[in-house]
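Quick note on labels: first sequence line is chain A, next is B, and so on, each numbered from 1.
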Amino acid sequence: MIEQPLLDVRGLSTDYTAKRGGKTVRVQAVKDVSFTLAKREVLGIVGESGCGKTSVGRSIIRLAKPHRGEVIFSGKDIFTTGGDALKQLRLKIRMVFQDPFASLNPRRSIGDSIAETGDIHGLFASKAERHRQVQQALSNVGLDGSFAARYPHELSGGQRQRVGIARAILPAPDVVIADEAVSALDVSVQAQVLNLLADLRESMGLSMIFISHDLGVVGQISDRVAVMYMGRIVETAPTASIIEQPIHPYTRTLMAARPKPDPRIRIKAGIEIGEPPSQFERPAGCPYAKRCPLVTTICTTDDPALRTIAPGRLVACHNV
Amino acid sequence: MLRVSDLSISIGSPDNYIDIVSSVSFEIGRGEILGLVGESGCGKSMTSLAVMGLLAKGGPWVRTGRAELSGFDVIHAEPYERVEAGHGGIAMIFQEPMSSLNPVMTIGEQIEEAINVHQRVTGSRQNLTARDYLEMVRIADAAMQINAYPHQLSGGMRQRVMIAIALACQPQVLIADEPTTALDVTVQAQILSLLRELCDTLGLSILFITHDLGVVAQLVDRVAVMYAGRVVETAAVDRVFDAAAHPYTAALMSCLPDPAHRVRRLVTIPGQAAKPGQITKGCAFAPRCAYAVDICREDPLPYAMLADNHRALCLFPRGVVR
């Protein structure tokens, strides 16, 4: 691919401070994460709780302050941008959250919530234009125009998530970051929202970072998948390769542990694959070493870097 | 072991009520795991709370039906009565172990408490200690962990402790309401494998409530699918996945993304789930069903009895030649 990536994340590290036993400690939520996102591409980020996938998304839109690294979006570094350029940027990269009820103001009508960004940024030339754009956003997410006058409590979970998406796409962004956007929905509704996101990607030429713990969902929507473990990307590959032939031992465990909807392929009884580690106790060397079946001496001293092992496939492991 | 028959749960007054669960029947054999499956609001948790005797006064109430544990009606008896009568018990675990554990007691004390209360009621001595129960749920280093407080444990460990407390009540039936939904997949896999092991070694019967069809396929022996307060299909787990007879079950299966067989568009179910009291005549799924005809919307439905203890609440079960 010679084409310039739309979003280029380089060496992103995000730390948080937390109180632990009366002392302030630093938690490395994201550690040296790099990836690119091409135009119209959907990149899935999977991992278990605390792996840093949400922090990556939040760092990109500057909701979390990164500690190191840069994110290049259309030639500019997001972290050094300020003023009007930053405002413009906020219209180009948009976020959809897990719980649409928590992210909608219960006292504002759906129409006002969708229009809020436009109001703040002065996108509407007139009241009529505002109305037109809200109606268009609603119709783009498959909701009737009459929803503009309703309030969040009148809507079902699926409808609220459509509103969350309508709000994100109103300013015609280039990138949508969806953080567990379908995780709270029932399967039949989840399928509808996944189809909607796929349609919007086609019709609006959107790129997407789709963050989820659910490999089934990520596998359905993504072109490429990045697997995270303890703040690091341990493997990136085209979706089909990750599913059919996971290489990193953690990716393999994750694939094996996924409850497949097929009673003929059951997980063996008595499996013990260990617990995800605490972020407060980051070991020296590879963070996965403690649970890894392939562990050797070097794993406990050197943290492996991501390296290319086949075109488009990067793995951070000493022993594959 | 546990037989629930014609269970209806209603809200409102006895003269003016709406059924939120209607005529639910199912059975669980010894050592068997029954998966009670459905989407939010279908009545699966309400059913389990009623069986457990946990419906609060002034809220939804049991209008009709029985739940018999070895022949003893547990719904209309106080919990201690059923244990005193020598019918063992039903224990329950929930989605959020942290909100069910006492934060200021060690996990050992909490298991002891369950053992003591249970002994006082039954009068029989247990020769198992808290540590034995911790070992039973495969907590490594039980001798040390016994003094830990809930906040010192991971989510998976806390759920194991909940299972240990439940086991300390020596139940015949364990009701598990979405016990792995809040857990990571690698931890979930281990809890599922533990539950299966307990069924096999202790002969424990489990009513496993979940919305996750993947978990159903992995764990349960038989499935009861609920929609709008009714059980619409019951069958052995492989029949549900291979030969779903009810259109709702079939549609639910096809909504599920399967990364190994990726499709361009996922199948969806048009419309929204029926709300309680919304549909009073005929089949509750008819408005969303691709195969519905006029008579589906009129008469009360009979269960179609299919092969292998397989029944579906449908006039035109799929895969059946008429």
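Between A/Tyr288 and A/Tyr250, the ring planes lie perpendicular to each other; the angle is over 60°, past the 30° to 60° tilted range. In this pair, B/Tyr149 and B/His151 present their aromatic rings parallel. The plane angle is below 30°, not in the 30 to 60° band. Ring planes of B/Tyr227 and B/Phe285: perpendicular class, angle over 60° (limits at 30 and 60°).
Interface remark: A/Ser222 contributes backbone atoms only to the contact with chain B (heavy atom separation under 4.5 Å). Contact annotation for A/Leu215: only backbone heavy atoms (N, CA, C, O) come within less than 4.5 Å of a heavy atom of chain B. Looking at B/Val267, the atoms closer than 4.5 Å to chain A (heavy atoms on both sides) all sit in the backbone: N, CA, C or O. Looking at B/Leu256, only its side chain comes within 4.5 Å of chain A, counting heavy atoms on both sides. Both the backbone and the side chain of B/Met157 come within contact range of chain A, with heavy atoms under 4.5 Å apart. Within the 4.5 angstrom heavy-atom criterion, only side-chain atoms of B/Arg288, from C-beta onward, approach chain A. If you measure heavy-atom distances from A/Leu185 to chain B, you find no contacts under 4.5 Å at all. Neither the backbone nor the side chain of B/Leu192 comes within less than 4.5 Å of any heavy atom of chain A.
Between B/Asp177 and B/Lys44, no side-chain nitrogen of the basic residue sits less than 4.0 Å from a carboxylate oxygen of the acidic one, so the salt-bridge criterion is not met. Using a cutoff of 4.0 Å between basic side-chain nitrogens and carboxylate oxygens, A/Arg264 and A/Asp262 are scored as salt-bridged.
Of all the listed residues (A/Gly47, A/Ala240, A/Gly219, A/Ser188), the one sharing the greatest number of non-hydrogen pairs under 4.5 Å with chain B is A/Ser188. Chain B forms the most heavy-atom pairs under 4.5 Å with one residue out of A/Gly216, A/Pro263, A/Ala256, and that residue is A/Pro263. Of all the listed residues (B/Asp200, B/Val220, B/Leu183), the one sharing the greatest number of non-hydrogen pairs under 4.5 Å with chain A is B/Val220. Top candidate by heavy-atom pairs under 4.5 Å with chain B, chosen from A/Gln190, A/Arg291, A/Gln192, is A/Gln192. For the options A/Val217, A/Asp199, A/Ile242, heavy-atom pairs under 4.5 Å to chain B are most numerous at A/Asp199.
For the side chain to side chain donor-acceptor pair (under 3.5 Å) condition, no pair includes a residue of residues 237-246 of chain A, sequence neighbours left out. Among residues at least two apart or in separate chains, there is no salt bridge (Lys or Arg N to Asp or Glu O under 4.0 Å) pair with a member in residues 227-238 of chain B.
In this view, A/Arg258 satisfies the side-chain hydrogen bond (donor to acceptor under 3.5 Å, both in side chains) rule with no residue, not counting sequence neighbours.
Between the side chain of A/His213 and the backbone N or O of A/Ser49 there is no donor-acceptor pair closer than 3.5 Å. Proximity of a side-chain donor or acceptor of A/Ser207 to a complementary backbone N or O of A/Arg40 within less than 3.5 Å is detected.
Heavy-atom proximity under 4.5 angstrom to chain B picks out A/Ser156, A/Gln159 from residues 151-163 of chain A.
By the 4.5 Å heavy-atom criterion applied to side chains, A/Asp223 and A/Arg201 are counted as neighbours.
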Inset, instruction - Test B/Ser205 against B/Arg30 for side chain to side chain donor-acceptor pair (under 3.5 Å), laying out the working first. - result: CA-CA 5 Å; B/Ser205 308; B/Arg30 187 176 155 80; over 6 Å; no

